[in-house]
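If you read the sequence from its start, that first residue is 1, and numbering goes on from there. All values below come from the heavy atoms of this structure, side chains included, with hydrogens, waters and symmetry mates left out.
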Amino acid sequence: LELHNRTMADRMDGEVRARLIPKKDGDDPTDFDELEGDRKHADGSNEKNSKIETTVQRTFKLIYYRYVSVFFLLAASVFILIGLAGVSDDVPWSEMETELATATFGLTEFSKEVQGVKDVDVAYNSQECVLKNDGCKRCKYVGENIIGFLSMALVFTLVGGIISFTGLARTEITGYVVVPFLILDTMILFIAWNQWYAHCHQTLEGSMADVQLGLGFAATVVASVLTGVGLLFNVLGWSSYSKVI
């Protein structure tokens, strides 16, 4: 009986060792090394799938940021055009209204209406322009600057939107071209409406009552905000792209 027990113990011990011995040609594929290899292969596949899933998520995030940025830049372009329409007083940057008279002030000219009778448009650089506190000279100078600023801002906004829309934003051109363009764009628009308020509008306020800011000014303020938001989404998209690569 004791001999039989020893024989059975030796046989079981041999089977256990056989599973732990490195695989040789002809060994059973269910040994320890084979099982360990299957486990490592499964872990590697899971890690690869996780990386692919993460890359896809970041790519979709990039596309989302890019096209949201395009939307805000297109909207900003519309408001910049409204501001540029203020070259004439039909889209006023400042306006005055009382019971007896109204006046509208554009970037290059103004007009007034007294008891329903409208006078001819008067350019700031004409001899007919008579505004107190040197208002003609101040508004003329500021208006010319703003026209140049808005023209540059419109170009920068459209370039940024086109590059983002066509997919070029998936390269580093976003960081080196679009983002600087939009930073400069936002700054230009901020300077434009700030100059009008500080140098022309306040001069008009000092010479007449009930002067208010007009549609052209408001549109430019909105455009500066929209380009700032477009800039933010471009930066977020660029950051997402950098993580993808």
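In this structure the side chain of E95 never reaches within 4.5 angstrom of the side chain of D89, judged on heavy atoms.
The two residues T203 and K132 make their nearest non-hydrogen contact at CG2-O, 4.0 Å. What you find for T220 and L189 is that their closest heavy atoms are CG2-O, 4.0 Å. Across V91 and I82, no two heavy atoms sit closer than the pair CG1-O, 3.6 Å. In this structure, C129 and A123 approach most closely via the heavy-atom pair CB-O, 3.4 Å. Across all their heavy atoms, A153 and I188 have their closest contact at CB-CG2, 4.2 Å. In terms of heavy-atom proximity, G83 sits nearest to L107 at O-CD1, 3.9 Å.
The aromatic rings of F233 and F72 lie parallel to each other, with less than 30° between the two planes, well short of the 60° mark. Using the six-membered ring where Trp is involved, H201 and Y197 have ring planes that are parallel, under 30° apart on the 30 and 60° scheme.
No continuous path of hydrophobic side-chain contacts links Y141 to M152 [ILVMFWY only; heavy atoms under 4.5 Å]. Criterion: ILVMFWY side-chain heavy atoms under 4.5 Å apart, direct or through other members. Under it, I191 and F156 are part of a common hydrophobic cluster. L84 and M187 sit in two unconnected hydrophobic clusters of ILVMFWY residues. Membership requires side-chain heavy atoms under 4.5 Å apart, directly or through other members. No continuous path of hydrophobic side-chain contacts links L81 to L226 [ILVMFWY only; heavy atoms under 4.5 Å]. Note on F149 and W193: separate hydrophobic clusters, where clusters join Ile, Leu, Val, Met, Phe, Trp and Tyr whose side-chain heavy atoms are under 4.5 Å apart, directly or indirectly.
Note that CD of E113 is 9.5 Å distant from CD of E97, once rounded to the nearest 0.5 Å. The OG1 atom of T157 sits 9.5 Å away from the CG atom of L74 when rounded to the nearest 0.5 Å. Taken from CG in L73 to CD1 in I80, the straight-line distance is 9.0 Å, to the nearest 0.5 Å. In this structure, the separation between CD1 on I146 and OG1 on T108 is 11.5 Å, given to the nearest 0.5 Å.
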Verdict with reasoning, L204 to M96, per side chain to side chain contact (heavy atoms under 4.5 Å, CB included): CA-CA 9 Å; L204 296 174; M96 180 271 292; over 6 Å; no
I'd like to know whether D210 forms a side-chain hydrogen bond (donor to acceptor under 3.5 Å, both in side chains) with T98, so could you lay out the CA-CA distance, the side-chain angles of the two residues, the decisive distance to 0.1 Å, and finally the verdict. CA-CA 7 Å; D210 300 321; T98 64; 5.9 Å; no
Working note: E205 + Q202, criterion side chain to side chain contact (heavy atoms under 4.5 Å, CB included); need CA distance, chi angles, decisive distance, verdict. CA-CA 5 Å; E205 282 186 322; Q202 288 190 335; 4.1 Å; yes
Before giving the answer on side-chain hydrogen bond (donor to acceptor under 3.5 Å, both in side chains), spell out for T227 and D185 the whole-Å C-alpha distance, their side-chain angles and the decisive distance to 0.1 Å. CA-CA 7 Å; T227 53; D185 190 6; 4.8 Å; no
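The environment of F79 atom CZ is sparse: at most 12 non-hydrogen atoms of other residues, nucleotides or ligands sit within 6.0 angstrom.
Panel note: side chain S69, backbone G230; a donor-acceptor pair is recorded below 3.5 Å.
With W93 as the partner, the ring pair (Phe, Tyr, Trp, His ring centres under 6.0 Å) test is satisfied by one option alone out of Y124, F110, W196: W196.
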